[in-house]
Protein chains: 2
Amino acid sequence: MSNTMKASLPVIRRLPRYYRYITELKNNGTTRISSSQLAHIMGSTPSQVRQDFNCFGGFGQQGVGYSVELLHSEIEKLLFPEGRLRAVLLGAGNLGITIGNFVLKESTGVELVAVFDSDNAIIGNKLFGMEIMAFDELVSFCQNEHVDIIIACTTKEAAESLAPHIVETGVKGIWNYSHFDFSINDESLIVENVHLRDSLMALSYRVSHKECPHMQE
Amino acid sequence: MSNTMKASLPVIRRLPRYYRYITELKNNGTTRISSSQLAHIMGSTPSQVRQDFNCFGGFGQQGVGYSVELLHSEIEKLLFPEGRLRAVLLGAGNLGITIGNFVLKESTGVELVAVFDSDNAIIGNKLFGMEIMAFDELVSFCQNEHVDIIIACTTKEAAESLAPHIVETGVKGIWNYSHFDFSINDESLIVENVHLRDSLMALSYRVSHKECPHMQE
DNA sequence: AACTGTTTGATAATACTTTCACAAAATTTG
DNA sequence: CAAATTTTGTGAAAGTATTATCAAACAGTT
């Protein structure tokens, strides 16, 4: 116990899925699970399950398996170590409203604290019980209100024009739905892209070239 | 010219981004680009650009570089070789409407041909100019109307109950927004997951553990 | 028409991820 | 209470993906 190797990105990406299934198991009343059972559920291998958990110190017990309860709480601590993250939404259009709703209703670890838009016609309107603010107010708001992440649901152009000010806001991450790629290596700023168009195109390619790799995503 | 090695998933995932930037270059009036210029734009390396394009036969010219026009049309052919794919939307809720809108307005390679939902209160209503159909009609519709992909924007439960019928529909792929993992190894059926919650959690982890890998997504 | 500088395509080297294999630890059984 | 069984943790091997290297190909120049 205590192999302090750093988690790689593939491991981090699997963590939420572990969390999803383990939460389900916990709600089912399952108290224990082995790496092979979990691998079966996850569609991976027992080795990978053990290797993955070992990145974080390995919370299993030899000969016994893993305690569902412990796994759940440990992974939760990994995903949300400092309580809920404070997020602001940029762009109150169709997509922005949907994502905002999603964060409010379906996300336990993130709370939405403000909404911004560039459209004067809707600035000042209420959305999710908050007054929509103008983009000019973004930097000072983030600085004063300790915002952790920006959720970018704007057009490519809006995102591009906001990009130079992002560092000033002091946020640590961007959940990016815009077609703009925030400068990929700003160090200290983590960008998680959700490029819907790219995802759909990748599907299109794979569907059209069926002999494609059998790798699971 | 003609190194027929198969494209790996990471390469396929980069294709849409190449396409995005190359479309931009084309619209800018740029006619030629070198692997190093393109790598700079993409945030990758010249080696990777050349390696990637070589998976598809390599459409550059030594000493000269790549023709933007040619690149654009070749990648387009790779992404959408058989014209537009026919898609149906499952779930006409908040998310479904947003994604449906996105496909209709922002996607060139995919067309939306029908919408389904389980809620009797909205079945029969018009959405995007189409009448919302019941889930029971899904299989026969897909069989008769040659549907290529299903866009799943339903609840986990709805997706789970539909899963056993998916094979019957004869679709080739699923663009999955539901919290349900369609059985990962159905062979012949390609699933592209857009797990918003997982993506947000991964961001949360990375933001909270800033010493995390500097790998670009 | 030869020379120079550039840039690809292909192969080799490096780095990263996943899988394998087995010793150590715990439980169960005779 | 020892032997058999289970199952983790870990280090090594195998498999992928990325980056570096370099010869061959082309354009432009004198």
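Letters A, B, ... are given to chains in the order of the sequence lines, protein chains preceding strands, and every chain is numbered from 1. Just so you know, these numbers use all the heavy atoms, side chains as well, and skip hydrogens, waters and symmetry mates.
DNA chain C is contacted by both A/Thr45 and A/Gln61; A/Thr45 maps to the nucleotide lying nearer its 5′ end (nearest heavy atom per residue). Mapping A/Val64 and A/Arg14 onto DNA chain C by nearest heavy atom places A/Arg14 at the nucleotide closer to the 5' end.
The base of D/dA17 is not paired with the side chain of B/Ser8 by any donor and acceptor separated by under 3.5 Å. For B/Gln62 against C/dT7, no side-chain N or O and base N or O form a donor-acceptor pair under 3.5 Å. The base of D/dT10 does not come close enough to the side chain of A/Gln51 for any donor and acceptor atom to sit less than 3.5 Å apart.
The OG atom of A/Ser107 sits 9.5 Å away from the CG atom of A/Leu112 when rounded to the nearest 0.5 Å.
Remark: of the listed residues A/Phe53, A/Tyr21, A/Tyr18, A/Phe53 is the sole one forming a ring-ring contact (aromatic ring centres under 6.0 Å, His included) with A/Tyr66.
No engagement by A/Ser36 is indicated, since no non-hydrogen atom pair under 4.0 Å with the nucleic acid exists. Contact annotation for B/Arg32: no contact, since no heavy-atom pair falls under 4.0 Å across all strands. Using a 4.0 Å heavy-atom criterion, one finds that A/Ser47 contacts the bases of the nucleic acid, with or without backbone contacts as well.
The interatomic distance linking A/Tyr66 (OH) with D/dT6 (C1') rounds to 13 Å, in whole Å. Going from atom CD1 of A/Ile33 over to atom P of D/dT7 covers 11 Å, rounded to whole Å. Atom CG in A/Leu9 sits roughly 10 Å away from atom P in C/dT18 (whole-Å rounding). The CG atom of B/Asp52 sits 14 Å away from the C1' atom of D/dT16 (whole-angstrom rounding). Note: CG (B/Leu70) to P (C/dT7) measures 18 Å, nearest angstrom. Atoms CZ (B/Arg13) and P (D/dA17) sit 12 Å apart, rounded to a whole Å. Regarding A/Gln48, its CD atom lies at a distance of 5 Å from the P atom of C/dT19, rounded to whole Å. The separation between B/Asn54 atom CG and D/dT18 atom C1' is 14 Å, rounded to whole Å.
With hydrogens and angles ignored, the 3.5 Å screen pairs a side-chain donor or acceptor of A/Asp117 with a backbone N or O of A/Ala92.
Aromatic ring centres of B/Tyr19 and B/His72 lie closer together than 6.0 Å. Two rings, from A/Phe141 and A/Phe116, have their centers less than 6.0 Å apart.
Distances shown here put every side-chain N or O of A/Arg50 at or beyond 4.0 Å from the OP1 or OP2 atom of D/dG11.
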